[in-house]
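Notes for the one structure printed next.
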Amino acid sequence: QVQLVESGGGLVQPGGSLRLSCAASGSIFSFNAMGWYRQAPGKERELVAVMFTGGTINYVDSVKGRFTISRDNAKNTLYLQMNSLKPEDTAVYYCNGVFSGLGYWGKGTLVTISS
């Protein structure tokens, strides 16, 4: 079955940067859409960024200009470059993909922004 594994999370200071990776067991070229979600303590899971086949990319307003979603088809990997990180970005970040009408989730990677 399709497997998604996130990595790259950690503890960084405000203003710092991190790049998250999502490695897929199969070819991500076959996904109809892939994206990143996050869930902070006590809050609902929210969509951070999504990339559709055809080139459309959407970001939640709070990360526009700071985060960039991209993918490397040769490596079957989705990325989220996060710059100018703020304490409110602290959350567990999840990779998501839609393939053949089904949704798949990774287990998440923790990002903590603190001094």
Side-chain angles (χ1 to χ4, degrees):
Q1 298 182 16
V2 175
Q3 298 285 320
L4 301 174
V5 181
E6 303 95 335
S7 63
L11 174 64
V12 297
Q13 295 182 331
S17 297
L18 282 175
R19 188 178 75 162
L20 305 183
S21 298
C22 172
S25 60
S27 175
I28 63 173
F29 182 80
S30 299
F31 281 89
N32 302 114
M34 296 194 74
W36 290 93
Y37 289 73
R38 67 184 180 186
Q39 187 166 22
K43 295 185 177 181
E44 298 179 2
R45 187 174 299 187
E46 68 172 347
L47 177 63
V48 178
V50 61
M51 175 181 290
F52 297 94
T53 57
T56 300
I57 298 174
N58 292 328
Y59 297 95
V60 66
D61 287 344
S62 61
V63 309
K64 288 181 178 178
R66 300 189 297 120
F67 291 10
T68 303
I69 187 172
S70 63
R71 68 183 185 185
D72 186 333
N73 290 332
K75 296 182 177 180
N76 293 326
T77 302
L78 181 75
Y79 301 100
L80 184 67
Q81 178 66 48
M82 306 186 296
N83 299 324
S84 301
L85 285 163
K86 304 175 181 179
E88 51 263 43
D89 294 318
T90 295
V92 176
Y93 285 72
Y94 298 90
C95 179
N96 171 265
V98 178
F99 176 66
S100 296
L102 299 176
Y104 297 87
W105 292 92
K107 294 182 179 180
T109 184
L110 177 62
V111 173
T112 302
I113 315 302
S114 177
S115 298

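Judged by distance alone, with hydrogens and angles left aside, the side-chain atoms of E6 form a donor-acceptor pair with the main-chain N or O of K107 at under 3.5 Å. A distance-only check finds no donor-acceptor pair linking the side chain of T90 to the backbone of T112 [under 3.5 Å].
Closest of all the heavy-atom pairs between L85 and L18 is CD1-N, 3.9 Å. Of all the heavy atoms in L4 and G97, the pair that sits closest is CD1-N, 3.8 Å. Of all the heavy atoms in S21 and T77, the pair that sits closest is CB-CG2, 4.1 Å. The heavy-atom pair separating M82 from Y93 by the smallest distance is SD-CE2, 3.9 Å.
In terms of hydrophobic clustering, with Ile, Leu, Val, Met, Phe, Trp and Tyr side chains grouped at heavy-atom distances under 4.5 Å, L80 and I57 are assigned to a common cluster. Following chains of ILVMFWY side-chain contacts shorter than 4.5 Å, one cannot reach V98 starting from L102, and the two form parts of different hydrophobic clusters. Note on L47 and Y79: separate hydrophobic clusters, where clusters join Ile, Leu, Val, Met, Phe, Trp and Tyr whose side-chain heavy atoms are under 4.5 Å apart, directly or indirectly.
Checked against side chain to side chain contact (heavy atoms under 4.5 Å, CB included), K43 has the following partners two or more places apart in sequence or in another chain: A40. With sequence neighbours excluded, the residues that form a salt bridge (Lys or Arg N to Asp or Glu O under 4.0 Å) with R66 are D89.
Between F31 and Y104, the angle of the ring planes goes over 60°, which puts this pair in the perpendicular group of the 30/60° scheme.
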### Check against side-chain contact (heavy atoms from CB on, under 4.5 Å), L20 and V111
CA-CA 9 Å; L20 305 183; V111 173; 4.0 Å; yes

### Message
Under the criterion side-chain contact (heavy atoms from CB on, under 4.5 Å), I'd like the reasoning laid out for L11 against S114: C-alpha separation, chi angles, the key distance, then a yes or no.
### Response
CA-CA 7 Å; L11 174 64; S114 177; 4.2 Å; yes

### Message
If you apply the rule side-chain contact (heavy atoms from CB on, under 4.5 Å), what do you find for V50 with I69, and how did you get there?
### Response
CA-CA 7 Å; V50 61; I69 187 172; 5.7 Å; no

### Task
Evaluate side-chain contact (heavy atoms from CB on, under 4.5 Å) for C95 paired with M34, printing each intermediate quantity in order.
CA-CA 8 Å; C95 179; M34 296 194 74; 4.1 Å; yes

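Between M51 and R71, the closest side-chain pair of non-hydrogen atoms falls below 4.5 Å. In this structure, the side chains of I113 and Q13 stay at 4.5 Å or more apart for every pair of heavy atoms.
Here the straight-line distance linking atom CZ of R45 with atom CZ of R38 works out to 13.0 Å at 0.5 Å rounding.
Checked against the 6.0 Å centroid criterion, the rings of W36 and F67 do not qualify as a close aromatic pair. You'll find the ring centres of Y37 and Y94 outside the 6.0 Å limit.
Remark: the N83 side chain and the S17 side chain contain an N/O donor-acceptor pair separated by less than 3.5 Å.
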